[in-house]
Amino acid sequence: MNELKKARAEYEAVPVPEELANIVQASIQQGKKNYWQKRLKQGFAVAAACLVLTFGVLNLSPTAAAIAADIPILSGLFQILTVRDFQKQEDGIDYQVSVPEVKAEGALAQQVNAAIQEQVDAHLARAVQDWQDYREAFFATGGTEEEWADREMNVVVDYEIKSQTDTSVSFVVSLAEGWVAAHEERYYYNLDLAQNQNITLQMLLGDDWVQICNDAIQREIAASVDEQGFSMFFPADEGGFVSVDENTAFYISADGTPVVTFPKYAIAAGAAGLPEFPIVVD
Amino acid sequence: MAFVVTQLEKYLIENQARFYRLAYSYLQNREEALDAVQTAVCRALEGRGGLRSAEMMRSWFNRILINICLDMLRQKKRVVTVAPEDLTVGSYEDPLPADETLINRINALSLEEQTIIKLRFFEDLSLKEISEITNVNLNTVKTRLYGALKKLRISMEGEII
């Protein structure tokens with residue numbers, strides 16, 4: 001038995017190359033991209049036909065749109081509909097776009113819809129620009145047309161409803177771009193459609209919200225340190241987490257807990273992904 | 001689905017060092033082990049439709065990784081180049097010399113036996129998981145494990161397995 005322990009120690013003593021973390025990150029992105037490409041190729045014809053049909057019917061008939069909207073998720077004061085939904089390939093870019101819209105009375109829904117519209121348009125325009133820049137750089141550095149033809153970029157716009165009640169909804173719109181490097185932005189919306197206002201962390205956690213959030217986040221960061229003293233999170237004085245503020249993004253999970261989120265690289269190494277901290281109040 | 005992807009990503013990132021060591025234990029080469037991990041991670045995300053539940057994640061991914069390592073070994077046609085000065089007396093006399101360290105004796109076992117020993121004792125997987133990973137039924141796994149332990153001249157006290 002002791003000999004086995006020794007063998008295990010020897011097995012575990014194999015040094016892990018530094019570049020492993022980067023390789024794993026890159027492979028994850030590549031794998032995701034391949035997954036979508038495969039699905040796109042398999043389902044393209046059918047999906048395109050279905051989408052055209054759904055999109056067309058929803059736009060033509062208010063009744064059909066209402067029925068369709070009732071089935072999946074919401075009723076009552078508001079509805080979340082997919083207003084733009086398409087998959088296409090154009091100039092070497094694969095698009096997978098599902099844009100949500102909040103259907104409700106009042107100014108809040110309009111503001112949110114306009115904001116989403118702006119974010120999506122900016123994202124699509126930037127993707128085309130990035131791709132164009134890459135293309136120019138590619139040929140300027142001696143790439144051939146033939147090699148270029150193998151290259152593809154993915155542009156994904158999607159949304160996810162995190163939670164909802166009769167009068168409120170929490171959802172996230174994600175905008176992603178994937179080619180040599182992957183890039184993702186997320187926008188979180190927490191809406192109270194009865195009061196026509198954005199839900200804030202202060203409303204959920206009270207006047208001490210900054211302290212409550214900071215304590216919860218610091219606890220998680222402290223808990224992430226492993227036996228060797230290593231943590232994916234940056235120290236506070238090296239660009240790590242300091243404090244939440246009004247601009248800190250969050251969503252509301254299904255059980256009503258606010259979950260504070262940070263963009264990739266904002267407070268931790270890229271391998272940590274997009275850090276999330278549920279703020280549980282005792 | 002998005003939930004599965006997030007969990008899978010988290011699992012892969014958190015356990016990357018383990019994957020590298022396991023791959024290295026088969027391939028005994030830094031670059032090849034990195035290559036194996038890279039291929040396995042990519043293939044896992046690409047084929048994540050094959051993952052039925054989060055509980056299966058560990059055995060599912062290890063199966064992908066090990067199959068890739070074994071494929072790479074087969075491609076090399078099991079020709080291992082060893083510099084003459086690295087050859088110990090034992091390496092051409094007895095495939096399992098008693099005076100070798102245990103880790104070397106494990107690496108001299110058949111690939112099936114190696115896999116079982118490594119997964120059970122180094123990766124702490126259950127025999128049931130090993131049976132899923134190797135696609136061999138549970139009783140055969142047990143038999144092979146006892147056979148391998150015997151070859152390694154390790155006696156286990158009680159029912160450790």
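Order of the sequence lines fixes the chain letters, A, B, ..., with proteins taken first and strands second; residue numbering starts at 1 for each chain.
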Subject >> Glu185(A): partners by side chain to side chain contact (heavy atoms under 4.5 Å, CB included), with sequence neighbours left out >> reply: Arg126(A), Leu175(A), His183(A), Tyr187(A)
Subject >> Contacts of type side chain to side chain contact (heavy atoms under 4.5 Å, CB included), residue Ala176(A), not counting sequence neighbours >> reply: Val156(A), Glu184(A)
**OP:** State, yes or no, whether a side-chain contact exists between Arg120(B) and Leu4(A) at a heavy-atom distance under 4.5 Å.
**Re:** no
**OP:** Write down the atom of Ala7(A), the atom of Leu102(B), and the distance for their closest heavy-atom approach.
**Re:** CB-CD2, 3.7 Å
Subject >> Contacts of Val136(B) that satisfy side chain to side chain contact (heavy atoms under 4.5 Å, CB included) - sequence neighbours left out >> reply: Thr134(B), Thr140(B), Val141(B), Arg144(B)
**OP:** Search all heavy atoms of Tyr20(B) against all heavy atoms of Pro15(A) and return the closest pair with its distance.
**Re:** CE2-O, 3.3 Å
Original post:
Counting heavy-atom pairs under 4.5 Å to chain A, which of Leu12(B), Ile117(B), Ile103(B) comes out on top?
Top reply: Ile103(B)
Subject >> Interatomic distance, Ser25(B) atom OG to Glu10(A) atom CD [nearest 0.5 angstrom] >> reply: 12.0 Å
Original post:
Of the options Leu20(A), Ile23(A), Val16(A), which is the one that meets Gln16(B) in a side-chain contact (heavy atoms from CB on, under 4.5 Å)?
Top reply: Leu20(A)
Original post:
Which one of Asp158(A), Ile28(A), Val24(A) has the most heavy-atom pairs closer than 4.5 Å to chain B?
Top reply: Ile28(A)
Subject >> Exercise: identify the closest heavy-atom pair between Arg18(B) and Tyr11(A) >> reply: O-OH, 4.5 Å
**OP:** Sort Ala21(A) into side chain, backbone, both or neither according to what part of it lies under 4.5 angstrom from a heavy atom of chain B.
**Re:** both
Subject >> Residues of residues 28-37 of chain B contacting chain A, heavy-atom criterion under 4.5 Å, by residue number >> reply: Arg30(B), Leu34(B), Val37(B)
Subject >> CD on Gln25(A) to CD1 on Ile13(B), rounded to 0.5 Å >> reply: 4.5 Å
Subject >> Heavy-atom contact with chain A under 4.5 Å, split by part of Phe122(B) >> reply: both
